[in-house]
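Working notes, beginning with the structure itself.
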2 protein chains.
Amino acid sequence: MKGTEKLTIKDVAKRSGFSVATVSAVINDVPIVSEKSKNKILQVIEEMGYRPNTIARSLKKSKTSTLAIIVKDITNPFYPELISGIEEVAWSKNYEVFLCNTENDIEKEKKYIDNLISKQVDGVFLSTSSLDRIVDYTVLSDSNIPYVFVNRKPNVLFDNEWFVGTDNYAAVQKAIRYIISKGIKDIAFYAGPQEYWTFNQRLLAFKETMEKEGLEVKDEWIFTREEFNEETGYNNTLKLIKDSKLPECIFCSSDPLAFGAYKALSENNIKVPDDMYLMGTDNNKFGELIGLSSIDMNNKQLGREAAEVLIDVLKNKETQKKNEIILPPELIIRSSC
Amino acid sequence: MKGTEKLTIKDVAKRSGFSVATVSAVINDVPIVSEKSKNKILQVIEEMGYRPNTIARSLKKSKTSTLAIIVKDITNPFYPELISGIEEVAWSKNYEVFLCNTENDIEKEKKYIDNLISKQVDGVFLSTSSLDRIVDYTVLSDSNIPYVFVNRKPNVLFDNEWFVGTDNYAAVQKAIRYIISKGIKDIAFYAGPQEYWTFNQRLLAFKETMEKEGLEVKDEWIFTREEFNEETGYNNTLKLIKDSKLPECIFCSSDPLAFGAYKALSENNIKVPDDMYLMGTDNNKFGELIGLSSIDMNNKQLGREAAEVLIDVLKNKETQKKNEIILPPELIIRSSC
DNA sequence: TAGATTTTTGTAACCCTTTACACAAAATTT
DNA sequence: AAATTTTGTGTAAAGGGTTACAAAAATCTA
């Protein structure tokens with residue numbers, strides 16, 4: 001049925017001959033309405049094309065069936081997978097989700113959080129946290145909005161905070177051990193920005209694994225530049241090449257870093273894997289193009305789990321699950337090593 | 001200020017000694033409150049940490065300051081750029097945006113639209129439309145919710161419908177002319193699914209341009225497979241190779257198609273660009289990895305423009321802008337041709 | 001068949017804002 | 001100082017649902 005007039009539950013009540021309370025009960029599946037009445041009401045709803053006004057419902061119930069995900073930069077190929085996992089589960093449990101892209105802007109992030117509180121979202125996914133909590137997320141819990149850190153987390157986790165992530169330490173440990181098992185000893189490490197838990201863990205794992213295996217970690221082979229994009233990988237590699245001695249392998253804490261490295265290597269006629277082993281992290285789907293070995297961090301599943309946890313918290317208020325959930329990564333070996 | 005008690009405008013009124021009406025006026029910047037009162041109220045708001053309940057406001061105003069974007073699959077690398085453009089402008093004009101991922105499921109898309117109407121979003125971006133309108137979007141306008149098609153559009157545009165897209169026809173025309181200018185005559189065309197406007201336009205442009213240039217279009221060199229992913233590009237190319245005569249160039253209606261083609265070509269020792277020219281479409285940032293020439297469809301700008309149009313419609317109800325906005329694409333030449 | 005019990009339905013308050021309108025206070029004019 | 005205008009503030013009614021509670025209707029019991 002067309003028409004721009006707004007239908008309310010009152011209209012349905014009037015047309016069907018029942019009271020608003022009864023209609024409301026039908027809409028909300030409260031099982032106190034006789035089958036006969038229910039059918040009649042449903043039919044009228046169908047006929048009139050009535051859709052409940054969720055806003056009014058939210059106001060009354062103080063629940064909006066809305067979640068939000070805050071990310072730094074959605075064009076980072078890591079996020080779409082994560083988001084699609086979240087969306088999938090959220091959808092299945094009848095939540096809509098706001099997408100908040102902070103563009104690396106702290107003030108924007110803070111304002112987003114304020115807005116989300118105003119908009120009364122039921123819960124929030126945070127994938128922006130640095131180790132030292134530049135942004136104060138507890139304003140959310142002060143407003144009774146639970147949140148879960150996804151992928152990245154702050155140094156310490158408070159009560160009422162959840163974290164779902166992949167085991168970055170194990171990921172790198174596994175990868176490095178694999179590389180070593182190939183007889184490689186000289187490994188350069190592009191570490192990425194150390195204020196983030198993920199990159200922090202990865203570097204830690206590298207150092208400790210090398211040490212355990214009795215191998216030397218050269219300072220000039222560790223690059224902790226601020227970014228983890230292609231450009232940084234490219235520049236790191238040029239610098240590496242300028243040095244007299246090349247390592248046998250470059251391990252990159254992200255795939256874009258590895259792509260940049262690959263480009264620099266190609267340009268300098270250094271063949272992968274013949275002259276140099278190369279490994280990335282995150283298993284970007286385009287890594288296959290250059291046969292890049294990588295570590296699959298299971299991003300979609302990460303999103304799914306995060307959504308399960310958050311919605312669980314929402315439903316039970318006190319969830320049985322533990323505060324931290326760590327998923328296993330998977331080593332993906334292709335031709336680059 | 002911490003605490004889980006919910007603050008309302010009444011609390012602010014009581015504490016500040018003014019009425020709710022006055023407080024509300026301050027919050028909404030209605031200039032009828034004296035400077036002195038305003039400051040006092042603002043200070044109390046700050047002190048108490050009061051945040052207006054947007055839900056209640058939305059109910060009263062019948063406006064939610066919320067938009068939604070419906071896409072088919074957010075992991076398609078085309079979308080994040082588009083979305084970030086939309087988000088950027090939406091944010092700057094104080095809108096939040098719902099992300100709706102249909103996973104190519106028509107029923108899910110319909111249900112999403114129903115939900116969005118229930119949630120009273122102010123406007124919607126649609127990037128899912130097939131030429132023949134499988135989904136009925138007019139339920140949105142029936143509910144007074146404007147929408148704009150982004151990138152893809154249906155065959156005919158009704159009144160009250162907007163479209164913002166890139167000029168797909170011109171894009172391919174330009175690319176094909178460039179290729180021809182290089183002395184190439186035999187061009188294979190991976191066309192993608194023809195039920196979508198974008199791919200439809202691209203194929204049309206190919207055929208007409210070739211004809212205008214007096215070149216032959218071989219049926220067996222045109223692949224209109226249902227998908228436009230890597231796999232399809234790979235399979236198309238294997239098939240192509242099996243045929244006795246190879247073309248001199250493969251034009252792909254998407255970059256993933258080109259990536260798949262590249263893989264198949266490499267595996268069969270056909271060198272790009274020496275033995276085969278290759279061109280993609282969409283200028284995926286990882287195309288650079290293999291030196292893929294492509295067409296930049298300006299996705300971020302597309303998103304920005306779409307957001308401008310939609311919000312314009314929202315504000316003015318009748319916008320000055322025309323119903324269709326077509327942005328120019330840009331040819332990106334790299335080593336692959 | 002009256003009375004008790006169970007099932008179904010209706011009334012009205014509430015959720016938190018916004019805003020039309022009325023009124024009070026202050027400023028200005030006469 | 002009274003009358004008029006301007007400015008600032010308060011009251012109360014929406015907005016569209018949900019839900020506790022009361023009431024009516026239907027069913028059952030003896």
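Since this is a predicted model, take the numbers as computed values, not measurements. Below, chain A is the first sequence line, B the second, and so on; all start at residue 1.
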*Taking only side-chain nitrogens and oxygens of Ser37(B), does any of them come within less than 4.0 Å of OP1 or OP2 of dT9(D)?*
yes
*asked:* Does a side-chain N or O of Thr22(B) approach OP1 or OP2 of dT9(D) to a distance below 4.0 Å, or not?
replied: no
*Tyr50(A) side chain, from C-beta outward: closest of dT9(D), dC16(C), dG17(D)*: dG17(D)
*Integer-rounded Å distance: dT18(C) C1' and Asp29(B) CG*: 15 Å
_Check the phosphate of dG17(D) against Ser24(A), side-chain N and O only, distance under 4.0 Å to OP1 or OP2. Yes or no?_
no
_Go nucleotide by nucleotide along DNA chain D from the 5' end; which of Ala56(B) and Val30(A) gets its closest nucleotide reached first?_
Ala56(B)
_Nucleotide nearest Ser34(A) (side chain, heavy atoms from C-beta), chosen from dT8(C), dT18(D), dG16(D)_ = dT8(C)
*Partner of Tyr147(A) by side chain to side chain contact (heavy atoms under 4.5 Å, CB included), out of Leu126(A), Leu116(A), Leu310(A), Val121(A)*: Leu126(A)
*Rounded to whole angstroms, how far apart are CD1 on Ile9(A) and P on dA12(C)?*
17 Å
_Just N and O in the side chain of Thr8(A): are any of them under 4.0 Å from OP1 or OP2 of dG15(D)?_
no
*Under 6.0 Å from the NZ atom of Lys300(B), do we count more than 12 heavy atoms belonging to anything else shown?*
yes
*Heavy-atom protein contacts under 4.0 Å, nucleotides 23-28 of chain D, coded B base, S sugar-phosphate only, - none*: ------
*How close or far is atom C1' of dG15(D) from atom CG of Leu7(A), stated in whole angstroms?*
15 Å
*Between the side chains of Thr22(B) and Ser19(B), does any donor sit under 3.5 Å from an acceptor?*
yes
*When the nearest nucleotide of DNA chain D is assigned to Ala21(B) and to Ile55(A) on a heavy-atom basis, which residue is associated with the more 5' position?*
Ala21(B)
*Through what angle, rounded to 10 degrees, does the axis of the helix from dT1(C)-dA30(D) to dT30(C)-dA1(D) turn between its ends, using five pairs per end?*
40°
_Any side-chain N or O of Asn53(A) below 4.0 angstrom from OP1/OP2 of dG15(D)?_
no
*Might you point out which heavy atoms bring Leu7(A) and Met48(A) nearest each other, and give the distance in Å?*
CD1-O, 3.0 Å
*Roughly how many Å is it from CD in Glu35(A) to P in dT8(C), rounded to a whole number?*
10 Å
*asked:* Without decimals, in angstroms, what is the distance between Ile41(B) CD1 and dG10(D) P?
replied: 8 Å
*Starting at atom NZ of Lys61(A), determine the distance to atom C1' of dC15(C), rounded to an integer number of angstrom.*
13 Å
*Charged N to carboxylate O below 4.0 Å: is that the case for Lys38(A) and Glu35(A)?*
no
*Does OP1 or OP2 of dG17(D) have a side-chain N or O of Thr54(A) closer than 4.0 Å?*
no
*asked:* Are there over 12 heavy-atom neighbours, none belonging to Lys108(A), within less than 6.0 Å of that residue's NZ?
replied: yes
_Do Arg133(A) and Phe158(A) form a cation-pi contact, if we require the NZ or CZ to be under 6.0 Å from the six-membered ring centre and within 45 degrees of the ring's axis?_
yes
*asked:* I need the NZ-C1' distance between Lys60(A) and dT19(D), as an integer number of Å.
replied: 6 Å
*Closest to the Phe18(A) side chain: dG10(C), dT18(C), dT9(D)?*
dG10(C)
_If only side-chain N and O atoms count, and only distance matters, is there a donor-acceptor pair under 3.5 Å linking Glu109(A) with Thr128(A)?_
yes
*Measure from NZ on Lys38(A) to C1' on dT9(C) and round the result to the nearest Å.*
16 Å
*asked:* I want to verify a distance call: between dT9(D), dT9(C), dT19(C), whose nearest atom is closest to the Ile32(A) side chain?
replied: dT9(C)
_Pair Arg152(A), Phe163(A) - check side-chain contact (heavy atoms from CB on, under 4.5 Å), show working._
CA-CA 8 Å; Arg152(A) 290 177 186 172; Phe163(A) 171 64; 5.8 Å; no
*Result of checking Phe125(B), Tyr137(B), Trp162(B), Tyr196(B) against Phe149(B) for ring-ring contact (aromatic ring centres under 6.0 Å, His included)*: Tyr137(B)
